[in-house]
Amino acid sequence: LAGPRGGCAGGDRAILIVEKALEKYGAPVYVRHEIVHNRFVVESLEKKGAVFVAELDQVPADRPVVFSAHGVPKSVPAEAERRNMIYVDATCPLVSKVHSEAEHHRRSGRHIVLIGHAGHPEVVGTMGQLPEGSISLVEDVEQARRVKLPAGPLAYATQTTLSVDDTADIVAELVRRYPEMLPPKKDDICYATTNRQAAVKAIAGRADAFLVLGSTKSSNSLRLVEVAKKAGCANARLVATAKDVDWASLSGVRTLGISAGASAPEILVQETIDAARERYAVTVEEVVTAVEDVKFNLPRALETA
Ligand code: SF4
């Protein structure tokens, strides 16, 4: 069992924001986009009265709306203000840090390269902080090799949930081509992503198979599967819940590695261990490579809710 694993401070805060908003405003509270990328979490909040929508225009102007942990383009709160809506921004503070650094670079006249996955809501949100044309998106080393950047000062930023190792390769290529390019003040890949990948790396070599609890939409969960494979466990896969585990395909496995993405609650891990116990004699060994004590405050409007 990889430690740390599962829920992160930014995701836990975002879920709590929806719960507090329900307490304060009553149901329904609308949430733009999945608050964190996990079906189990979304369904639990739906039962309490949250309504998940893709876009702001699906929210009646007289109901509160929460923006997800991934962050939103500036146009979204602007539109909520134009419609006089009550909105609560659950953007993870570590994503907000990337937004404010991008803004700072633009003010100092730098063009920004954002390393990330096209279409992921965090990337859409970060690109939407600045006017079109201020940010170039680079997804992999090949693109880093070919991207044409405007003359003048440059800086790079990254999505918070990328593979630490793949990002280092992309950055190396960018800096080789543009040696003056400024790095972030502090790594943009967040502590939760970094720690979960390190924990998977530490045990994957000893595992015959590896399960990562998480959603296919969850960038950091997908990265954990890749990290497990690269660290020596070819039979690594993503599963949403214990019910999705194909036990037949694990026959002969004596050591099973388990981790969970930053949006997956611990109960999903425990249910998977319980499901294994129904079939095998199980001894659980947890390998903890880092202890986390990160906590973020709630937005002021909800602190007393
Ligand atoms: Fe914040 Fe990292 Fe969690 Fe994303 S994965 S919500 S950046 S702590």
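In listed order, ligands and their atoms are each counted from 1. Numbers here simply count residues along the sequence, with the first being 1.
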Would you indicate which of T193, T160, I189 comes nearest to atom 4 (Fe) of ligand 1 when only heavy atoms are counted?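 Heavy atom nearest to atom 4 (Fe) of ligand 1 belongs to T160.
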
As an exercise, state the distance from NE2 of H105 to OG of S134, rounded to the nearest 0.5 Å.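 So the NE2 of H105 and the OG of S134 are separated by 12.5 Å.
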
Name the closest protein heavy atom to atom 1 (Fe) of ligand 1, giving the residue it belongs to and the distance to 0.1 Å.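 Here the nearest protein heavy atom works out to C92 SG, 2.3 Å.
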
Just by distance, do the side chain of [X] and the backbone of [Y] share a donor-acceptor pair under 3.5 Å?
X    : Y    : answer
K24  : A301 : yes
Q197 : V164 : yes
K97  : K186 : yes

Which ligand 1 atoms does [X] reach within 4.0 Å, using its non-hydrogen atoms?
X   : result
C8  : 3 (Fe), 5 (S), 6 (S), 8 (S)
G11 : 6 (S)
G10 : 1 (Fe), 6 (S), 8 (S)

Give a yes/no answer: is there an N/O/S atom of C190 under 2.8 Å from atom 3 (Fe) of ligand 1?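 No - counting backbone and side chain alike, C190 has no N, O or S atom under 2.8 Å.
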
Taking the inter-plane angle between the rings of H120 and H37 on a 0 to 90° scale, is it parallel (under 30°), tilted (30 to 60°) or perpendicular (over 60°)?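 The rings of H120 and H37 stand perpendicular, inter-plane angle above 60°.
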
